[in-house]
Amino acid sequence: MKHRQGQIFYGLLQLNRSVAVFDAPPWQGGQLTTIELEPDSYQLLAPCFPSKIIAVGKNYRAHAAEMGTPVPEEPLLFLKPPTTIIADGETIFYPPQSERVDYEGELALIIGETAKNCTTAQARSKIWGYTIANDVTARDLQKKDSQWTRAKGFDSFCPLGPWIVRELSIGAQLTTFLNDGSEPKQSSYLSDMVFPPDVLVAYISQVMTLLPGDVILTGTPEGIGPLQVGDKVRVEIEGIGVLENSVMAAEIN
């Protein structure tokens, strides 16, 4: 979070919305200090600043089907640059290069300690916590390019937050809503993942070293669809909370 005086802190959010401040990111050994921020004295930022964002494609069977492709036999990985990250309440910018930008509500994992060549059993202890993500995608560019870097990599294309929780039930429900609609566009249980979190962490760690604070996006369920300028998209996960962002047209220089 960012204090009104301009200082940036990591902290423990209390039930009354005050914040107990850490002296460093908690996944880097940060300890609680005696500093406490009052509820109206700070702005929530994205909950971490990773060295990399590793995302997983087609990790729900129904989503693979709606994309017209089989379920991958192994996790399908791609990267999003850290510059895609925005916080809850910040703006998704619709790029002028695209005519079809989609929402993709997802569970995000936050890595707590260095992970390299982990087993699945070891991987469980590498997950520091969980938050919500929206893997915003320029769908037309994804199809045009035949690879996903540009389509997934625009600034603001990874809303993340609003905070991190340490524990989460694999039976929690993920839902995505557009504007003030009461019927979700996406609705699935995290248990419907093809490859669960510990399997993903182990698999990725055998490809690249995961560092504390790194983010893994675990895939989106079926029901992806287009965003329009002026829309608000809301992703909810039971046990975490709500991530909501509005959409604006990017300025053309």
Side-chain angles (χ1 to χ4, degrees), residues 45-60 62-70 72 75-108 131-162 174-181 184-186 204 207-208 214-235 242-253:
L45 304 177
C48 64
F49 298 95
S51 75
K52 53 189 172 293
I53 305 164
I54 308 97
V56 181
K58 303 175 186 177
N59 198 28
Y60 290 79
H63 173 56
E66 76 176 344
M67 297 295 287
T69 58
L76 176 61
L77 306 181
F78 59 94
L79 295 171
K80 292 174 79 84
T83 47
T84 58
I85 291 178
I86 58 172
D88 175 51
E90 293 188 326
T91 301
I92 299 167
F93 288 103
Y94 201 115
Q97 297 94 326
S98 177
E99 296 181 355
R100 168 71 186 259
V101 172
D102 285 4
Y103 57 81
E104 294 189 12
E106 309 199 7
L107 172 70
T131 191
I132 306 171
N134 188 346
D135 176 23
V136 182
T137 304
R139 192 69 63 200
D140 54 343
L141 302 184
Q142 183 182 27
K143 294 177 180 178
K144 179 180 179 181
D145 292 353
S146 301
Q147 53 84 24
W148 301 358
T149 302
R150 181 166 65 137
K152 302 279 190 176
F154 286 96
D155 289 356
S156 79
F157 269 28
C158 189
L160 194 71
L174 182 157
T175 48
T176 303
F177 298 86
L178 270 184
N179 301 316
D180 296 321
K185 299 294 184 179
Q186 293 181 289
I204 295 167
V207 177
M208 65 190 80
D214 280 351
V215 173
I216 297 174
L217 308 186
T218 59
T220 196
E222 69 174 323
I224 60 170
L227 293 168
Q228 307 296 333
V229 171
D231 281 348
K232 288 189 300 183
V233 56
R234 185 173 84 252
V235 186
V242 178
L243 174 68
E244 184 172 76
N245 302 88
S246 58
V247 183
M248 289 179 57
E251 294 184 3
I252 302 175
N253 295 326

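Remark: the backbone N or O of Ala151 is not paired with any side-chain donor or acceptor of Asp140 at under 3.5 angstrom. Although no hydrogens or angles enter the test, the distance criterion places a donor-acceptor pair under 3.5 Å between the side chain of Gln186 and the main chain of Gly105.
A side-chain contact (heavy atoms from CB on, under 4.5 Å) with Pro47 is found for exactly one of Val215, Thr131, Asp88, Ile85, namely Thr131.
At most 12 non-hydrogen atoms from other residues, nucleotides or ligands lie less than 6.0 angstrom from NZ of Lys185.
Using modelled atom types, one finds a donor on one side chain and an acceptor on the other under 3.5 Å when comparing Lys152 with Thr137.
When every heavy atom of Ser51 is checked against every heavy atom of Pro82, the shortest pair comes out as O-CG, 3.7 Å. Closest heavy-atom contact between Ile53 and Cys158: CD1-SG, 4.3 Å. The minimum heavy-atom distance linking Ala250 with Pro95 is given by the pair CB-CA, 4.2 Å. Considering all non-hydrogen atoms of both residues, Pro226 and Leu178 come closest at O-CD1, 3.9 Å.
For residues 222-231, the side-chain hydrogen bond (donor to acceptor under 3.5 Å, both in side chains) pairs, not counting sequence neighbours, are Asn179-Asp231. Among residues at least two apart or in separate chains, ring-ring contact (aromatic ring centres under 6.0 Å, His included) pairs with a member in residues 136-162 are Phe78-Trp148, Phe154-Phe157.
Ion pairing between a basic and an acidic side chain is recognised when a charged N comes within 4.0 Å of a carboxylate O; Lys144 and Glu99 show no such pairing.
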